[in-house]
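Below is one structure, written out as structure tokens; the observations come after it.
Each residue takes its place number in the sequence, starting with 1. Both ligands and their constituent atoms are indexed starting at 1 by order of listing.
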Amino acid sequence: MKTISIKNSNQQYTVGKIVCVGRNYAEHAKELGNEIPEKPVIFLKPASALIHSREKIIHPTFSKDMHHEVELVLLIGKTVKDANKNEAEDAIKGYGVGLDMTLRDIQNELRKKGNPWTIAKSFDTSAVVSDFVRKSDYSLTLDEEISLSVNGQVRQKEKLNKMLFHPAEIVEYISSLMTLEEGDLVYTGTPAGVGKVEVGDKLVGKIDGVGELEVVVGQ
Ligand code: ZN
């Protein structure tokens, strides 16, 4: 079982499911040649894919084009189903920074065939997370900057307020599709600047006020 930790606390949560949003920043949707969605694009990762900052991403041998996607991650603190916006906001317990590692070559093949993205998104080590900051300890304004650097070079950098769908709207929408439970994580989509990583690369993801993660890519 996978767990996540809360900053300045001994509290841990067992992770249930990981729900991800695709195409939540207009510039990122455009860079991959996608339309701007009317509703959030939703997919899942298994909890078994999760690793923490300072663990190692293992590059799958069946892909030649693994991409970084840095994202704000929401920690769900209570069970919600068909939540309204206030209930959705209330269900968000805390925030972390995450990487939704993606096999772009595999994803493009799957998209062409109209198949699910599962193989491109669900491999072991494909979901990286930092420790989480409780909402009661830090209130997110969305003026925060999210960034990712590879070997010290900034590749992704954007304000969280460029998200098309904001955290409570995302939780409200997901809860209309499936029950969210304590310990579930929601990856809220990546800004523009995604790109390939190689074995040996060092990735640092940050969100002002929320946290930081650091991982290397291994084989
Ligand atoms: Zn993503």
Side-chain angles (χ1 to χ4, degrees), residues 4 15 17-37 39-53 57 59-60 63 65-76 95-111 115-130 142 144-150 155-167 169-171 173-174 177 180 184-197 201 203-207 210-211 213 215 217:
I4 59 90
V15 176
K17 58 186 167 297
I18 303 173
V19 188
C20 303
V21 179
R23 303 172 195 165
N24 198 25
Y25 291 79
E27 291 304 315
H28 170 63
K30 281 186 211 159
E31 76 181 339
L32 295 184
N34 292 310
E35 306 264 301
I36 307 234
K39 286 179 180 173
V41 174
I42 302 292
F43 61 93
L44 293 170
K45 282 178 186 275
S48 52
L50 198 73
I51 61 166
H52 299 95
S53 180
I57 294 171
H59 198 309
S63 168
D65 193 19
M66 180 165 70
H67 278 202
H68 53 78
E69 296 192 354
V70 68
E71 313 200 357
L72 170 71
V73 184
L74 314 176
L75 170 64
I76 300 299
Y95 307 104
V97 53
L99 296 176
D100 162 21
M101 300 305 295
T102 302
L103 307 176
R104 198 69 70 202
D105 49 352
I106 307 283
Q107 187 189 31
N108 287 339
E109 278 173 38
L110 294 166
R111 278 173 53 192
N115 287 347
W117 299 351
T118 306
I119 302 168
K121 292 283 195 180
S122 300
F123 58 96
D124 292 353
T125 76
S126 66
V128 186
V129 272
S130 67
L142 299 184
E144 294 84 358
E145 193 170 78
I146 182 169
S147 68
L148 179 94
S149 64
V150 179
R155 297 261 192 100
Q156 295 185 271
K157 191 174 174 180
E158 188 56 278
K159 290 281 185 95
L160 290 178
N161 60 23
K162 292 286 174 63
M163 285 195 281
L164 298 171
F165 301 98
H166 290 179
E169 293 173 286
I170 292 169
V171 170
Y173 178 64
I174 296 170
L177 308 171
L180 284 167
D184 287 348
L185 303 181
V186 177
Y187 279 62
T188 59
T190 197
V194 300
K196 187 174 180 174
V197 298
D201 283 349
L203 283 58
V204 176
K206 281 186 204 170
I207 300 176
V210 169
L213 62 77
V215 279
V217 180

Identify, by name, the N, O or S atom of [X] lying closest to the Zn ion (ligand 1).
{"X": "Asp100", "value": "OD2"}
{"X": "Glu71", "value": "OE2"}
{"X": "Glu69", "value": "OE1"}

**OP:** Take atom NZ of Lys17 as the centre, draw a 6.0 Å sphere, and report whether it contains more than 12 heavy atoms from other residues, nucleotides or ligands.
**Re:**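 Yes, the 6.0 Å shell around NZ holds more than 12 heavy atoms from other groups.
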
Original post:
Within a reach of under 6.0 Å around NZ of Lys206, are more than 12 heavy atoms found that belong to other residues, nucleotides or ligands?
Top reply: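 Counting other residues, nucleotides and ligands, NZ of Lys206 stays at 12 neighbours or fewer.
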
Subject >> Nearest atoms (heavy-atom pairs only) where Arg23 meets Glu35 >> reply: CD-O, 4.2 Å

Original post:
Do the side-chain N and O atoms of Thr190 and Gln156 include a donor-acceptor pair separated by under 3.5 angstrom?
Top reply: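 Yes.
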
